[in-house]
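None of these values were measured; they are calculated from a predicted model.
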Amino acid sequence: MLTIIDHPLICHKLTIMRNKETGTKDFRQNLDEIGGLMVYEVTRDLPLHSVDIETPITKYTGQELATKVVVVPILRAGLGMVSGIMDLIPTAKVAHIGMYRDEETLEPHPYFEKYPPAFADSLAIIVDPMLATGGSSIAAIDMVKKQGCKNIKLVCLVGAPEGVKAVESAHPDVDIYLAALDDHLNENGYIVPGLGDAGDRIFGTK
């Protein structure tokens, strides 16, 4: 299922990120903040269990998360969303999936993966600012599923209809969350209107 999280604060910050005049510092900061705002909605249905505590006044039965959360950034651009998510879920673990895209075929090529213990029993939140052709997201979901994880959510800032359709076709059991669904992909596989190369803009490599 596709969910567009079009909160006014997210729309405002995403517009700043789209602007080609926005520098690395502001681009990175707004990405970080949007990541936190999005995960608030992404985790809305997390299960809870009861826990007995004592307040300064009396005994009390409260609730805490019943599921472990693992944030899975697709390197390198996905790293830009981790901090904002960890601010809201400081107990979350972080896995890493490294892959690069062949500029001619646009196909993803994995080169690194690392997962925390008990990963299979966790909620895996795969993060990447861009959902373009869908190739990297599909490959990442494939890799996560090979680890035995079944509870998976894909969180991206900007997506193209082509990428959304590809992920939905390959993994209909994975929920997709976007801040915006853009118009289309251009001949070079970039999202239009998009926000450029997120990795380069996050790390100032162009």
Original post:
Are Met143 and Leu123 co-members of a hydrophobic cluster defined by side-chain heavy atoms under 4.5 Å apart?
Top reply: no
**OP:** I would like to know whether Val127 and Met38 meet side chain to side chain contact (heavy atoms under 4.5 Å, CB included); could you show each step before the answer?
**Re:** CA-CA 11 Å; Val127 295; Met38 291 187 72; over 6 Å; no
Original post:
To the nearest 0.5 Å, what is the distance between OG1 (Thr15) and CD1 (Ile10)?
Top reply: 11.5 Å
Original post:
Under 3.5 Å, is there a donor-acceptor pair between the side chain of Asp32 and the main chain of Gly84?
Top reply: yes
Original post:
Cluster question for you: counting only ILVMFWY and a side-chain heavy-atom cut-off of under 4.5 Å, with indirect links fine, are Met81 and Ile16 together?
Top reply: no
Original post:
According to a 4.5 Å side-chain heavy-atom criterion applied to Ile, Leu, Val, Met, Phe, Trp and Tyr, with indirect links allowed, do Val155 and Met17 form part of one hydrophobic cluster?
Top reply: yes
Original post:
With a 4.5 Å limit on heavy-atom distance, are the side chains of Gln63 and His49 in contact?
Top reply: no
Subject >> Minimal non-hydrogen separation, Pro73 against Ala95, with atom names >> reply: CD-O, 2.9 Å
Subject >> Flag side-chain contact, heavy atom, 4.5 Å: Leu48 against Leu65 >> reply: yes
Original post:
Met130, Leu154: one ILVMFWY side-chain cluster at the under-4.5 Å cut-off?
Top reply: no
**OP:** Would you check, one step at a time, whether the test side chain to side chain contact (heavy atoms under 4.5 Å, CB included) holds for Leu88 with Tyr40?
**Re:** CA-CA 8 Å; Leu88 283 188; Tyr40 181 84; 4.1 Å; yes
Original post:
How far apart are the C-alpha atoms of Glu64 and Thr91, what are their side-chain angles, what is the distance that settles it, and do they pass the side chain to side chain contact (heavy atoms under 4.5 Å, CB included) test?
Top reply: CA-CA 12 Å; Glu64 64 181 14; Thr91 57; over 6 Å; no
Subject >> Exam field: side chain Ser169 to backbone Lys165, donor-acceptor pair closer than 3.5 Å >> reply: no
Original post:
Where the side chain of Glu162 meets the backbone of Leu185, is there a donor-acceptor pair that is under 3.5 Å apart?
Top reply: yes
**OP:** Dump the intermediate steps for side-chain hydrogen bond (donor to acceptor under 3.5 Å, both in side chains) on His12 and Asn30, then the final yes or no.
**Re:** CA-CA 10 Å; His12 172 80; Asn30 281 279; over 6 Å; no
Original post:
Heavy-atom distance under 4.5 Å between the side chains of Asp121 and Lys68, does that happen here?
Top reply: no
Original post:
Should the pair Glu41-Arg44 be classified as a salt bridge under the 4.0 Å nitrogen-to-oxygen rule?
Top reply: yes
Subject >> Ile5/Val42 under side chain to side chain contact (heavy atoms under 4.5 Å, CB included): CA gap, chis, key distance, verdict >> reply: CA-CA 9 Å; Ile5 306 176; Val42 170; 4.3 Å; yes
Original post:
Same cluster or not: are Val69 and Ile85 linked, directly or through other Ile, Leu, Val, Met, Phe, Trp or Tyr residues, by side-chain heavy atoms under 4.5 angstrom apart?
Top reply: yes
Original post:
Does the side chain of Lys59 come within less than 4.5 Å of Glu54's, by heavy atoms?
Top reply: yes
Subject >> Atom pair NE2/CZ of His96 and Phe112 - distance to nearest 0.5 Å >> reply: 7.5 Å
Subject >> Ile97 vs Pro110 side-chain heavy atoms within contact, under 4.5 Å >> reply: no
Original post:
Do Thr205 and Arg76 have side-chain heavy atoms sitting under 4.5 Å apart?
Top reply: yes
Original post:
Which distance, rounded to the nearest 0.5 Å, do you find between the CE of Met1 and the CG of Asp173?
Top reply: 13.0 Å
Subject >> Residues Asp26 and Arg201 bridged, charged N to O under 4.0 Å >> reply: no
Original post:
Which one of Leu9, Leu157, Leu31 satisfies the side-chain contact (heavy atoms from CB on, under 4.5 Å) criterion with Leu14?
Top reply: Leu157
Original post:
Within the distance-only criterion (no hydrogens, no angle test), does the side chain of Asn186 pair as donor or acceptor with the backbone N or O of Asn188 below 3.5 angstrom?
Top reply: yes
**OP:** Using modelled atom types only, decide if a donor and an acceptor are shared between the side chain of Arg18 and the backbone of Leu195 within a distance under 3.5 Å.
**Re:** no
Original post:
Would a 4.5 Å heavy-atom cut-off, applied to side chains only, mark Ile125 and Thr43 as touching?
Top reply: yes
**OP:** Could you grab the distance from atom CD1 of Ile138 to atom CD1 of Ile126, nearest 0.5 Å is fine?
**Re:** 11.0 Å
**OP:** Side-chain contact test, heavy atoms from C-beta onward, threshold under 4.5 Å: evaluate it for Ile176 versus Cys156 and give yes or no.
**Re:** no
